[in-house]
Amino acid sequence: SQNHSQDSNFINKRSISPMGFFPFQTVSEELLREMAVKEGELLPKHDYLNRLRSGDLDSRVRREALDWILKAHAHYRFGPMSFCLSMNYLDRFLSVYELPKGKDWTVQLLTVACLSLAAKMEESEVPLLVELQVGEPKYVFEAKTIQKMELLVLGTLKWRMQCLTPCSFIDYFLTKVNDDQLPSATSIFRS
Amino acid sequence: MEKVKDWNYKVVEKIGQGVFGEVYKCLNLETGKKVAIKMINIQNEPEGVPSYLIAGVSLLKELEHDNIVRLLDVLTTGRYVYLVFEYLDLDLGSFIRKHTITSIRPHIKTILSQILVGLAYYHSHNILHGDLQPSNVLIDLKSKKVKLADFGLTTSFGVPHIEYSYKEVGSPYKAPESRIRSSVYSTPHDVWAVGCIFAEMVSGKPLFPCGKKDHLSLIVSLFGKPTKETWPGANYISDLLHSHPQCEPADLAEQLLGLGLEPPGVELLSRMISLNPTTRITARNALNHPYFKDSHSSLSSPHYEAFGFP
């Protein structure tokens with residue numbers, strides 16, 4: 001759209017970020033070291049897993065979210081990075097923000113917002129927000145409502161959305177085990 | 001500006017108008033420090049928070065370097081996203097306008113090397129700045145620190161109807177390859193802009209001034225008529241070049257030497273504004289150029305070792 005092309009000044013020039021999932025990109029060792037530090041900063045709070053196990057956090061909530069994300073993800077054939085990112089956003093958010101109990105629509109809204117944010121970070125084509133909500137969900141949200149939730153997630157995660165997930169490191173290690181030859185795209189997906 | 005939670009800033013003045021909103025100089029009431037706040041209107045966005053904003057801001061959040069202005073904070077309301085940037089009072093454009101070339105001369109090396117250090121950081125992270133020009137280079141005179149900024153103040157990209165295959169519009173610091181429609185451009189594009197800035201510091205005026213002549217004519221008069229050997233891009237615009245008369249390249253070196261630039265500086269500049277982007281020097285290599293090896297530089301230069309990762 002015209003809007004987006006006008007803003008090439010702001011983002012298109014930067015869309016070759018090393019943090020994202022971009023095959024065939026060389027990652028220097030220095031950059032890898034920096035990436036490893038950042039990966040640690042961009043994880044859920046350390047007590048998150050224990051709280052899920054102990055039932056302090058409802059693990060059903062996470063499982064339902066995961067199920068829906070997998071469904072929508074498969075439906076739109078998003079890449080592996082979008083899936084990793086959306087779960088990272090969801091876990092980081094749940095580990096610091098308490099959603100009101102007994103209102104299952106908030107969980108669903110959060111899940112949609114996380115997938116939408118991840119898709120916007122990673123996918124070249126992002127479905128309309130209304131169409132993103134596949135699988136006959138109980139509630140369907142308007143774009144305006146999702147925007148509010150997106151802003152809450154962005155703020156809570158301090159806009160640090162360029163997370164490093166296993167996908168970010170695959171290129172580097174595949175290159176290393178491959179005698180410094182750049183891996184082919186298929187080997188990345190196979191992995 | 002509307003009321004925002006955690007709003008600790010006092011607006012001093014509007015300093016720019018970007019494509020997506022205004023930029024204000026503000027004062028942080030807690031720290032007393034100046035900041036630049038870019039307001040981005042999101043209330044009419046039909047599809048939630050736009051992806052350019054999510055990707056752009058999250059990238060800025062990861063950049064941390066002494067020679068790049070920091071994105072300090074992001075505040076939101078339902079209608080606007082406010083990007084709070086570090087700010088320095090002076091930009092290189094005003095610095096050049098307000099001073100004579102003789103008084104600028106002793107500062108050129110330190111300014112240029114810090115621009116290159118900041119740029120090398122961008123490029124090592126596979127990021128293009130894309131809009132380098134004197135007004136995006138901020139200077140703190142006291143600490144002699146230079147920081148690259150990008151508030152999107154001046155240029156608007158993406159003109160809807162490009163009828164010519166050579167884009168005359170946009171910043172005069174844009175490299176020739178980026179003006180050719182559908183050509184891919186990359187990190188050398190930024191180095192070209194630094195070359196233009198370098199020449200401007202030496203001569204006090206833009207290397208490619210807007211107005212009188214179109215950019216391609218300026219290129220032809222500076223370099224002579226490019227051939228596909230000197231500039232691969234010439235292939236794509238041979239029709240356009242055809243109308244330009246054959247001419248001798250201007251002796252830029254002679255002019256710059258006359259203005260007091262040392263011979264290694266002239267050599268470095270010529271490699272920064274190489275027409276062919278593939279032979280243009282990289283930011284990192286430029287820093288190792290003999291021009292910067294001069295120990296008689298009148299300024300202390302802590303920026304040399306500052307180069308690297310935070």
Side-chain angles (χ1 to χ4, degrees), chain A residues 1-20 22 25-28 30-31 33-35 38 42 112-113 116-124 126-130 132 142-155 157-163, chain B residues 5-6 18-20 38 40 42-64 71 73-78 81 83 122 124-131 150-160 170-171 178 185-187 189-190 308-310:
Chain A
S1 71
Q2 188 180 325
N3 239 3
H4 283 202
S5 67
Q6 279 197 344
D7 206 55
S8 54
N9 168 17
F10 188 64
I11 176 62
N12 290 350
K13 64 184 181 188
R14 287 179 165 150
S15 59
I16 45 164
S17 136
M19 315 298 178
F22 294 96
Q25 176 171 315
T26 50
V27 173
S28 70
E30 278 168 300
L31 196 54
R33 219 168 297 133
E34 199 181 307
M35 284 162 71
K38 289 208 164 133
L42 298 168
V112 173
S116 150
L117 289 169
K120 285 172 182 173
M121 283 292 287
E122 276 304 311
E123 301 296 331
S124 46
V126 182
L128 294 175
L129 286 176
V130 173
L132 182 67
E142 287 176 24
K144 202 76 215 156
T145 314
I146 298 172
Q147 187 187 61
K148 276 187 198 142
M149 193 67 199
E150 284 178 335
L151 285 171
L152 180 63
V153 174
L154 288 164
L157 305 186
K158 302 192 165 30
W159 289 76
R160 296 196 66 183
M161 313 310 280
Q162 263 194 9
C163 312
Chain B
K5 208 173 129 235
D6 301 326
V19 180
F20 278 81
K38 183 172 181 175
I40 296 160
I42 54 161
Q43 64 181 333
N44 299 322
E45 290 291 343
E47 286 298 308
V49 183
S51 52
Y52 77 84
L53 192 60
I54 302 166
V57 173
S58 54
L59 181 52
L60 288 174
K61 285 292 266 186
E62 303 304 324
L63 296 179
E64 211 171 342
L71 174 62
D73 205 359
V74 185
L75 300 165
T76 55
T77 63
V81 172
L83 305 182
Y122 271 120
S124 72
H125 286 66
N126 298 317
I127 297 162
L128 304 183
H129 184 287
D131 191 23
D150 176 17
F151 308 132
L153 294 181
T154 45
T155 38
S156 82
F157 280 59
V159 176
S171 156
S178 66
Y185 66 96
S186 181
T187 52
H189 170 260
D190 286 333
F309 290 87

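Both backbone and side-chain heavy atoms feed into the values below; hydrogens, waters and symmetry mates do not. None of these values were measured; they are calculated from a predicted model. Each chain gets a letter, A, B and so on, in the order its sequence line appears, and its residues count up from 1.
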Partner residues of A/Val126 under the side-chain contact (heavy atoms from CB on, under 4.5 Å) criterion, sequence neighbours left out
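A/Ala119, A/Lys120, A/Glu123.
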
According to side-chain contact (heavy atoms from CB on, under 4.5 Å), who are the partners of A/Leu128, at least two apart in sequence or on a separate chain?
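Counting only residues at least two positions away or on another chain, A/Leu128 forms a side-chain contact (heavy atoms from CB on, under 4.5 Å) with A/Glu131, B/Glu47.
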
How far apart are the closest heavy atoms of [X] and [Y], and which atoms are they?
X	Y	answer
A/Met161	B/Ser58	N-CB, 3.5 Å
A/Trp159	B/Leu53	CZ3-O, 4.0 Å
A/Met121	B/Ile54	SD-CG2, 3.6 Å
B/Glu62	A/Leu42	OE2-CD1, 4.5 Å
B/Pro46	A/Ala143	O-CB, 3.1 Å
A/Lys144	B/Gln43	NZ-O, 3.2 Å

Do the side chain of A/Glu150 and the main chain of B/Gly48 share a donor and acceptor less than 3.5 angstrom apart?
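Not a single qualifying donor-acceptor pair exists.
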
Side chain proximity check, B/Ile42 to A/Leu151, heavy atoms < 4.5 angstrom:
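Contact flag for B/Ile42/A/Leu151 side chains = yes.
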
Within-4.5 Å side-chain heavy-atom neighbours: B/Thr76 and A/Leu154:
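No - every pair of side-chain heavy atoms lies 4.5 Å or more apart.
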
Give a yes or no on this: more than 12 heavy atoms of other residues, nucleotides or ligands lie within 6.0 Å of atom NZ of A/Lys148.
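For A/Lys148, atom NZ is not crowded (no more than 12 foreign heavy atoms under 6.0 Å).
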
Using heavy-atom distances under 4.5 Å, tell me whether A/Ile146 contacts chain B through its side chain, its backbone, both, or neither.
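When you check distances to chain B, no heavy atom of A/Ile146 falls under 4.5 Å.
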
